[in-house]
Amino acid sequence: MVSTIRPSRGHRVFQGVNGVILTLVVLVTLYPFVNIVARSFSGEKEIRAGDVTLWPKGFNLTTYEIVFSDAMFWRNYGNTVLYTVVATAVAMVLTTCYAYVLSKHHLKGRGALVGIAVFTMFFSGGLIPHYVLITSLGLKNSVWAIALPNAISVFNLLVMKAFFESLPSELEEAAQIDGLSTYGILLRIVLPLSKAVVATMVLFYSVSFWNSWFSAFLYMDRTELMPVTVYLRNLLAGATGGTAAGAGTENLSQVNANIQAVTIVLTSLPILCVYPFVQRYFVSGVMLGAVKG
């Protein structure tokens, strides 16, 4: 016979209060997102009057139609996908290899390598030296101008390093006895056990590169090479400045009214669609890489 322990009155009260507080936190967090989506589909008069809250009013698709009808938007959107995929792949390869090396305590010069990485968190060469370097290397107007300068995030590096250090060393010793090389151990033993932290780092890098616009704005000279974030930034600047690409005079007021909401929705939607598939790895990946037993 299995005996059940009834929760105490204090525990039930705690659960109820905790549930109410968390529900309020969720509602407060969701409200700005829902409001932005509602504003992106609302009419100019309703937006300017402040009548839009959680539901679109004066339903209007003018700004979406102007953006979607522009061939340059789709060209730049494709550039964003390309830049994000290539830059994330480069960043993951370099970060994983660097973190795996730093996780080996017997490595000579390990302290210097860690110091070099941490040093870059606090000191930078500056914008002009970066621009001169990228130009002198011939990387302008290419995906490498976006991927290489931001290839390693020190925060992500340290999280992966801590995760690799938490793996049992006996696994690698057994693999060495079986004849696996260092790269074989990394590819066949370590990475399959590190799916959580790898998925988390992919999410971090993907979001960073997807939302990045300044690097492309700085290193890309041709409009057809820009990512969609720069396109939307220019559209936003044009709308607030009194002109909008593809917008007639009769539609300009509508574009000015909800262009900010539309740009936020268009840049956030792909990440919001991908995040649910990666979210289950997120908490475990960060916590396992940050806590050592």
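We number each residue from 1, following the sequence as shown.
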Which atoms form the tightest heavy-atom contact between [X] and [Y], and what is the distance?
X      : Y      : result
Arg39  : Ile47  : O-CD1, 3.4 Å
Thr84  : Ser206 : CG2-O, 3.8 Å
Ser42  : Asn60  : O-CB, 3.7 Å
Lys140 : Thr135 : CD-OG1, 3.4 Å
Ile189 : Leu193 : O-CG, 3.3 Å

> Considering only heavy atoms from C-beta outward, does the side chain of Leu102 approach that of Leu157 to under 4.5 Å?
Replying inline: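 Yes. Closest side-chain heavy atoms under 4.5 Å.
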
>> Can you confirm whether Asn76 sits close enough to Val230 that some side-chain heavy atom of one is under 4.5 Å from a side-chain heavy atom of the other?
In response: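 SC-SC contact between Asn76 and Val230 ruled out.
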
> Residues in side-chain contact (heavy atoms from CB on, under 4.5 Å) with Arg188, at least two apart?
Replying inline: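 Testing Arg188 for side-chain contact (heavy atoms from CB on, under 4.5 Å), a comparison that skips the adjacent residues, returns Leu180.
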
Would you find a donor on one side and an acceptor on the other, under 3.5 Å apart, between the side chain of [X] and the backbone of [Y]?
X      : Y      : answer
Asn79  : Met226 : yes
Thr120 : Ala117 : yes
Ser208 : Phe204 : no
Ser194 : Val197 : no
Ser40  : Val37  : yes
Asn211 : Val207 : yes
Ser69  : Ile66  : yes
Asp51  : Lys45  : no
Asn35  : Leu54  : no
Ser268 : Val265 : no

> According to the interplanar angle, ranging from 0 to 90°, do the rings of Phe209 and Tyr205 count as parallel (below 30°), tilted (30 to 60°) or perpendicular (above 60°)?
Replying inline: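 Aromatic pair Phe209/Tyr205 classed parallel.
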
> Where does the angle between the aromatic ring planes of Tyr100 and Phe164 fall among parallel (under 30°), tilted (30 to 60°) and perpendicular (over 60°)?
Replying inline: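 Ring orientation, 0 to 90° scale: perpendicular.
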
Say you draw a straight line from [atom1] of [X] to [atom2] of [Y]; how long is it, rounded to the nearest 0.5 Å?
X      : Y      : atom1 : atom2 : result
Thr95  : Lys161 : OG1   : NZ    : 14.5 Å
Glu173 : Ile185 : CD    : CD1   : 9.5 Å
Thr229 : Phe214 : OG1   : CZ    : 12.5 Å
Met220 : Ile146 : CE    : CD1   : 4.0 Å
Ser212 : Phe217 : OG    : CZ    : 12.5 Å
Ser215 : Asn150 : OG    : CG    : 4.5 Å

Neighbour count above 12 (heavy atom, 6.0 Å) for [X] [atom1]:
X      : atom1 : answer
Ile128 : CD1   : no
Phe14  : CZ    : no
Phe33  : CZ    : no
Phe59  : CZ    : yes

>> For a side-chain contact (heavy atoms from CB on, under 4.5 Å) check, start with the C-alpha distance between Tyr219 and Tyr131, then their side-chain angles and the critical distance, and finish with the verdict.
In response: CA-CA 8 Å; Tyr219 300 126; Tyr131 183 84; 3.7 Å; yes

Please tell me whether [X] and [Y] are part of a single hydrophobic cluster in this structure, the criterion being side-chain heavy atoms less than 4.5 Å apart.
X      : Y      : value
Trp144 : Val132 : no
Leu107 : Val190 : yes
Met201 : Val118 : yes
Ile271 : Val34  : no
Val154 : Phe119 : yes

>> Working note: Leu232 + Val262, criterion side-chain contact (heavy atoms from CB on, under 4.5 Å); need CA distance, chi angles, decisive distance, verdict.
In response: CA-CA 9 Å; Leu232 295 175; Val262 170; 5.9 Å; no

>> Please determine whether a side-chain nitrogen of the Lys or Arg among Arg110 and Glu165 lies less than 4.0 Å from a carboxylate oxygen of the Asp or Glu.
In response: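 Glu165 and Arg110: salt-bridged.
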
> So among Thr23, Leu24, Val17, which one has a side-chain contact (heavy atoms from CB on, under 4.5 Å) with Val20?
Replying inline: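 Testing Val20 for a side-chain contact (heavy atoms from CB on, under 4.5 Å) against Thr23, Leu24, Val17 leaves exactly one candidate, Leu24.
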
>> Between Tyr83 and Trp210, does the ring pair (Phe, Tyr, Trp, His ring centres under 6.0 Å) criterion hold? Intermediate values first, please.
In response: CA-CA 8 Å; Tyr83 297 161; Trp210 182 274; over 10 Å; no

> So, do Tyr77 and Tyr231 have ring centers that fall under 6.0 Å from each other?
Replying inline: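 Not close enough - the centres of the two rings lie 6.0 Å or further apart.
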
> Given Val228 and Leu266, is the side-chain contact (heavy atoms from CB on, under 4.5 Å) satisfied, shown in steps?
Replying inline: CA-CA 9 Å; Val228 72; Leu266 292 178; over 6 Å; no

>> For a side-chain contact (heavy atoms from CB on, under 4.5 Å) check, start with the C-alpha distance between Ile134 and Leu218, then their side-chain angles and the critical distance, and finish with the verdict.
In response: CA-CA 10 Å; Ile134 295 299; Leu218 191 64; over 6 Å; no

